> 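Mind having a look at this structure? Questions to follow.
By convention in this document, chain letters (A, B, ...) are assigned in the order of the sequence lines, proteins followed by strands, and residues within each chain are numbered from 1. Just so it is clear, the structure is predicted and the values come from calculations on it, not from any experiment.
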Protein chains: 2
Amino acid sequence: MPRIASTWMRGGTSKCWVFDREDLAAADRPVDEVLLRLFGSPDPRQVDGVGGGTSTTSKAVILARAEEDDADVAYTFAQVGIDQPVVDWGSNCGNCSAVVGPYAVLRGWVAPRPGSTTVRVRNTNTGQLIVLQVPTPDGVLDERGTARIPGVPFAGIPVRMWFVDPAGRTTGKLFPTGAVIDEFPDGDGTLPVTIVDAGAPLVVVSARSVGLTGTETPAELDARADLAARLEDLRRRAAVAIGLAPTPQAAERAVPKIALVAAPTDDGADLVVRMLSMGRAHPAVAITGSVALTLAARTPDTVVSHLVGTRTDDDLRLATPAGTVATRTGEHDGRLAVAVTRTVRRLAEASLVLPDAEPAMDPVGAVPGEVATR
Amino acid sequence: MPRIASTWMRGGTSKCWVFDREDLAAADRPVDEVLLRLFGSPDPRQVDGVGGGTSTTSKAVILARAEEDDADVAYTFAQVGIDQPVVDWGSNCGNCSAVVGPYAVLRGWVAPRPGSTTVRVRNTNTGQLIVLQVPTPDGVLDERGTARIPGVPFAGIPVRMWFVDPAGRTTGKLFPTGAVIDEFPDGDGTLPVTIVDAGAPLVVVSARSVGLTGTETPAELDARADLAARLEDLRRRAAVAIGLAPTPQAAERAVPKIALVAAPTDDGADLVVRMLSMGRAHPAVAITGSVALTLAARTPDTVVSHLVGTRTDDDLRLATPAGTVATRTGEHDGRLAVAVTRTVRRLAEASLVLPDAEPAMDPVGAVPGEVATR
C-alpha cells in the first residue's frame with residue numbers, strides 16, 4: 001500500500017495535515033481523490049481516515065518552495081469535505097496559514113535568524129501574501145512554545161501573520177457587490193448585509209437583525225436548525241451576488257463564510273462575533289474572518305462600523321465564544337497589512353496509508369452470521 | 001522535544017492509537033500523564049493533541065509480546081479522558097482488540113500462516129483471552145481489506161475475535177450481584193436491571209421501562225439531557241452494587257457501560273440495542289457490550305432473554321443505529337467462547353511530539369494587542 005508523508009500541526013484552533021506538494025503528486029491520482037480517501041470522506045465521523053469529523057479538523061495544507069522572488073513558500077489550502085466527497089479550494093484558512101512558518105523553518109526552506117525569522121508565504125487559493133514572524137531565539141525554532149490563545153488550553157509557538165494588501169483577493173474588490181451594505185430578501189422583508197472580501201469573502205449580518213443577541217454559545221447556535229437553514233440560504237445567495245457561483249445550489253460550502261456581529265457588551269472588546277463555517281458555529285473566529293471584519297470596521301457605514309462606532313487606534317478586539325482576540329492594522333512594504341497572532345504546535349510526523357482507489361465490495365454477509373451490511 | 005512512535009489504526013467503529021509498551025515507558029514520565037498530553041486532554045476538542053474529541057477516537061492500545069505460554073501479545077487498553085484529565089484502565093475496548101491482530105503480524109510478533117493467522121491476545125485490563133483470526137492469504141497480511149461492517153463506509157481487513165470464557169472477567173461473576181434481575185430505585189418506583197459481566201460489565205435496561213422505543217437515533221438520545229442524567233445515575237449506582245466503586249461519585253466513566261434494549265421490530269434481528277458510552281450514545285454497539293448481551297440472552301429470565309424469546313441457534317443478531325451486527329457462540333479449547341467480527345485498517349505510522357510536562361505560562365497579553373487570554 002502506498003504511503004504519503006505528512007506532518008500534523010495545530011494552527012490556532014485548527015488541526016492541519018501538512019503535505020509536501022511533491023509527496024502528494026507522487027501518488028499519481030487526482031489530489032481531490034487522494035485527500036478525500038486519506039481523510040476518510042465521505043463519512044460524518046471520518047472514522048476510516050485522518051480527518052476529525054469537524055470543519056476545523058478536516059484541513060489540508062499543501063506546500064512547496066515558491067518560485068517567485070517575493071515569497072519563500074507556495075501554500076495551497078484544501079478544506080476536505082466530511083459527509084460530502086468534495087474538496088473546497090476556494091478560500092484560505094488563516095489558522096493553517098500559521099503552521100507554514102514553523103514548517104518552513106523545520107524543513108530548512110528558510111534560514112532562521114537569531115530572534116525572529118520572517119517567512120513570506122504566497123497563498124495560491126487567493127493570491128494573498130502572508131508575512132509570518134516565527135520566533136527563533138538563538139537562530140533555532142524552539143518547539144517548546146509558551147504562548148496561549150483563547151480556545152486552546154495548551155501553549156504553542158506564537159506566529160504573527162501579516163496579511164498584506166488583503167482586499168479583494170478572491171473577487172477583485174474589497175466590497176465585491178460595489179456597496180457597503182446590500183439588502184437581501186429575507187422572508188417578507190429584507191436583511192441588511194455587508195459582503196467584504198479581505199482574507200476571504202465574508203458575509204456579515206447583525207445578530208440582532210436575525211433575532212439573536214450575538215452572545216449565544218456555538219452549541220446554542222448549532223441547535224437552531226431554522227436559523228442555520230436561513231443563514232445558509234443567505235450565504236449561498238451572497239455567493240451568487242459576488243460571482244463565486246452561478247446558482248445558490250452551486251455555491252461552495254467553505255466560501256463565503258458568514259459572521260453574526262453585535263455591539264460590544266463590555267469595555268474589553270470592540271465587537272461581538274459569532275462565525276459560522278461549513279454550516280456549523282465556529283468555536284472562536286476564523287482568522288480570514290477577523291481580517292475581513294477589521295477592514296469592514298474601518299469603512300464607514302458597513303454593518304460592522306455601525307456597531308463599533310468611531311475608533312481611534314489600530315487594534316480591533318473581537319469577543320468570540322472562546323475569548324477575546326485582536327487584530328492590528330499596519331503596513332508592509334508600503335502596503336496596508338492586517339496582523340493576527342496564533343499559536344502553533346507540531347503534533348506528529350506521520351506516514352499515511354493510502355488505500356486503493358476503489359476497493360472491491362464484499363457482498364452482504366461476507367462473513368456469514370457475524371457481519372452484515374446496512 | 002521527545003517523540004513517541006505510534007501506529008494509528010481503525011478497529012471497527014473506533015480509532016485507536018497503538019503504542020509499543022517500551023516506547024511509552026521510554027518517556028520516563030507517568031503513563032497517564034503522557035497519554036493525556038499526547039491526546040490533548042483535558043479539552044473537549046482535544047485540539048492540541050491526537051485525540052478526536054469523542055469517546056471512540058480517544059483510545060490508546062499498549063502492546064508487548066506476552067510472557068505467558070497461552071498468549072502471544074499482552075494488550076492493555078486505555079480510555080483517555082477528553083474533558084477530564086483522567087485515564088480509565090478499568091475495561092477493555094472490543095474494537096481496539098481487533099487491531100492487535102494485524103499489528104502483531106505487521107510487527108512480526110506472530111509468524112503468519114497461509115490462509116489465516118491466529119493471534120492469541122491477553123487483555124491485561126480484564127484478564128480476558130481473545131483469540132483473533134487474521135486473514136493472511138499466501139502467508140502475508142494483505143492490507144487491501146475488502147470486508148465491510150455497519151457504521152464504517154470503507155472496507156477493511158476482517159478480524160474475527162473469540163472472547164474465551166468471557167464471564168466475570170472484571171467482577172468474578174457473570175451476574176455480579178448474584179441475581180439475573182435487580183430492581184433499582186428510580187423516581188417513585190423501581191427499574192428492573194440486568195447487570196452482566198462478560199467482555200466488560202454492562203448494565204442492561206429495557207428501553208420501554210424508561211419511556212423509549214429503543215429505535216431512537218444516537219442524536220435523539222444525546223438530546224435527552226434528562227434521560228442521560230437518569231441513566232448515568234443508575235450506571236454509577238450499579239458500579240457500586242457490583243463493587244467497582246465505593247461510591248457513585250467514584251465510579252469510572254468508562255465502566256460499567258449501559259445498554260437500552262427492546263424487542264426486535266422485524267425478522268432481520270433478534271434484539272434492538274442502543275448503547276451509551278462515556279455519557280454519549282454509541283453510533284453502533286460496543287463489542288464488549290455485544291458479548292455481554294449474548295450471554296444475557298442465553299440466560300433465562302434476564303431483561304434481555306425476556307425480549308429475544310426462545311432461541312435455537314448460535315447467532316444473536318443485534319439491531320444497532322448503524323445496522324445489524326451478529327455474535328456467534330462456540331468453543332475454544334473446550335471453553336465457551338463468543339465471537340464477533342470487526343474490520344481493521346492501518347491509517348498511519350506516526351511519531352508523536354510530546355511536549356514538556358508543564359510548559360511555563362506566558363502572562364496575559366504576552367503579544368500585546370493581538371493575543372489575549374480568556
> Is the CG atom of B:D266 crowded by more than 12 outside heavy atoms at less than 6.0 Å?
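Above 12, so yes.
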> So, for A:V47 and B:G151, which heavy atoms are closest and what is the spacing to 0.1 Å?
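Looking at all heavy atoms of both residues, the shortest contact is CG1-O, 4.2 Å.
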> Under 4.5 Å from any heavy atom of chain A, what part of B:S14 do you find: side chain, backbone, both or neither?
backbone
> Would one find more than 12 heavy atoms of other residues, nucleotides or ligands at under 6.0 Å from atom CZ of A:R3?
yes
> Show the nearest heavy-atom pair for residues A:P42 and B:P153, with the distance to one decimal.
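Smallest interatomic distance, heavy atoms only, reads O-CG, 3.8 Å.
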> Among side-chain atoms of B:R45 and A:T56, is any donor-acceptor pair under 3.5 angstrom?
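Looking only at side-chain atoms, A:T56 and B:R45 do form a donor-acceptor pair, the distance falling under 3.5 Å.
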> Which residue out of A:G52, A:G49, A:A223 racks up the most heavy-atom pairs below 4.5 Å with chain B?
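Max contact count across the listed options: A:G49.
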> Kindly indicate whether the side chain of A:R144, heavy atoms from C-beta on, has any atom under 4.5 Å from the side chain of B:P355.
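Contact flag for A:R144/B:P355 side chains = no.
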> So do the side chains of A:M1 and B:R346 get within less than 4.5 Å of each other, counting heavy atoms only?
no
> Counting N and O atoms only, with roles assigned by atom type, does the side chain of A:R345 sit under 3.5 Å from a partner on the main chain of B:V353, one being a donor and the other an acceptor?
yes
> Side chain, backbone, both or neither: which part of A:T320 has an atom under 4.5 Å from a heavy atom of chain B?
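Interface part for A:T320: neither.
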> State the CG-OG1 distance between B:D48 and A:T343, to the nearest 0.5 angstrom.
7.0 Å
> Supply the atom-to-atom distance B:S41 OG to A:F154 CZ, rounded to the nearest 0.5 angstrom.
7.0 Å
> Could you tell me which of A:S6, A:G268, A:G40, A:G53 has the largest number of non-hydrogen atom pairs under 4.5 Å with chain B?
A:G40
> Given that the side chain runs from C-beta out, which part of A:P283 has a heavy atom under 4.5 Å from chain B: side chain, backbone, both or neither?
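The side chain, not the backbone.
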> Measuring heavy-atom distances to chain A, does B:T7 have an atom under 4.5 Å in its side chain, in its backbone, in both, or in neither?
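Contact with chain A is absent: no heavy atom of B:T7 under 4.5 Å.
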> Nearest 0.5 angstrom please: B:D356 CG to A:T146 OG1, how far?
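The OG1 atom of A:T146 is 11.0 Å from CG of B:D356, to the nearest 0.5 Å.
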> Would you say B:K15's side chain and A:Q46's backbone share a donor-acceptor pair under 3.5 angstrom?
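Yes, the answer is positive, given that a donor and an acceptor are paired below the 3.5 Å cut-off.
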